Number of protein chains: 2
Amino acid sequence: MGRLDGITVTATDQLSVVFAALADPTRRAILDRLAEGPATVSEIAEPFAMTLPAVSKHLKVLERAGLISRGRQAQWRPCRLEAEPLRPAAGWMSHYQVFWGQRRKLTP
Amino acid sequence: MGRLDGITVTATDQLSVVFAALADPTRRAILDRLAEGPATVSEIAEPFAMTLPAVSKHLKVLERAGLISRGRQAQWRPCRLEAEPLRPAAGWMSHYQVFWGQRRKLTP
DNA sequence: TGGTTAATTAACTGACCGGTAAATTACGGT
DNA sequence: ACCGTAATTTACCGGTCAGTTAATTAACCA
């Protein structure tokens, strides 16, 4: 994502990573689940019609975005929500608050 | 995105489309630009180190997300911000506010 | 009519994404 | 030591994405 000086640069910017992580219904559902408390990978995977490795990949995306953290208890890897990265994302959006609610007044 | 009954379904859900549109720094910069008023495609493209067709594609992504609309004046196609789709996205995020602090930044 | 400017479309490329199946790692219980 | 369970890694597939160049459409103007 993004191109500078002819060299493609893989988006390292945090906002892009966070929004990209949120751009998938499965991952949002995982965050919703974790909002109710920590859970193991199998517990997280249970409601979804996909294999465990697929869920594992989603968790990796969320982890790289800083939206979850993982501990270790025996062979279980409990995941917990880390909402802090949502703050700058919501902050970016908040600048647009003035535009939603009513139609813009402008002279085209 | 998402799988139902063995058939992969390309994410039609609005939240995913909006977050995906925001997951690119160029597109966010375009929205930032449009927050200051409507602009033509060439005006929008000017600050970016990429070709006009590339910008045109970004605009199409934003348009499909409902985040911009386009008019027509002669050969110019003025774009304007349409912030309404940001509301449900911000609304989804707002549920997590409690996890990153008690301060309220977004209206529900 | 033809020419100029604005913007999109078409065709192509390389990288990434979401998913799978199969193999592998890591730990606990007996 | 072995087996079972939890989870990740590897290798692969088809589709999408961000960008390019070249061709095309659309409108104005002389």
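Everything quoted here is computed from the prediction, not taken from an experiment. Below, read A as the first sequence line, B as the second, and so on, with proteins coming before strands; counting in each chain starts at 1.
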Locate the shortest heavy-atom distance separating B:Trp76 from B:Thr40; write the atom from each residue and the value.
CD1-CG2, 3.7 Å
When you measure from the side chain of A:Tyr96 to the backbone N and O of B:Leu81, does any donor-acceptor pair fall under 3.5 Å?
no
Could you tell me the separation between the CG atom of B:Leu52 and the P atom of D:dA22, rounded to a whole number of Å?
16 Å
In whole angstrom, what separates B:Phe19's CZ from D:dC17's C1'?
20 Å
Of all the choices, C:dT8, C:dG18, C:dA11, which nucleotide is nearest to the side chain of B:Lys57 once you look at every atom?
C:dA11
If only side-chain N and O atoms of B:His58 are considered, is one of them under 4.0 Å from the OP1 or OP2 phosphate oxygen of D:dC17?
no
Tell me, for nucleotides 24-30 of chain C in 5' to 3' order, what letter each nucleotide earns: B for a base near a protein heavy atom under 4.0 Å, S for only sugar-phosphate near one, - for neither?
--SSS--
Any side-chain heavy atom of A:Leu86 sitting closer than 4.5 Å to one from B:Phe99?
no
Any side-chain N or O of B:Lys60 less than 4.0 Å from the OP1 or OP2 oxygen of C:dT9?
yes
Going by heavy atoms closer than 4.0 Å, what residues in residues 27-45 of chain A are next to DNA chain D?
A:Thr40, A:Val41, A:Ser42
From D:dA18, D:dT9, D:dA22, nucleotide with atom closest to B:Val61 side chain
D:dA18
Whole-Å gap separating C1' (C:dG19) and CG (A:Leu59)
15 Å
Round to a whole Å and report the spacing from CG of A:Asp24 to P of D:dG15.
18 Å
For the side-chain contact (heavy atoms from CB on, under 4.5 Å) test, which of B:Leu62, B:Val55, B:Ile68, B:Leu59 pairs with B:Arg27?
B:Leu62
Stepwise, does the salt bridge (charged side-chain N to carboxylate O under 4.0 Å, His left out) test hold for A:Arg87 with A:Glu84?
CA-CA 6 Å; A:Arg87 196 210 296 266; A:Glu84 202 55 39; 2.7 Å; yes
B:His58 to B:Thr26 - nearest heavy-atom pair and separation:
CD2-CG2, 3.7 Å
Expressed in angstrom and rounded to an integer, what is the separation of B:Met50 atom CE from C:dT8 atom C1'?
17 Å
Rounded to the nearest 0.5 Å, the CG atom of B:Leu22 sits from the CG atom of A:Leu22 at a distance of 9.5 Å
Gap separating the CH2 atom of A:Trp92 from the CG atom of A:Leu15, nearest 0.5 angstrom
7.5 Å
Is the phosphate of D:dT8 approached by A:Ser56 (side-chain N or O, under 4.0 Å from OP1 or OP2)?
yes
Between B:Arg33 and B:Pro38, which heavy-atom pair has the shortest distance, and what is it?
NH2-O, 4.0 Å
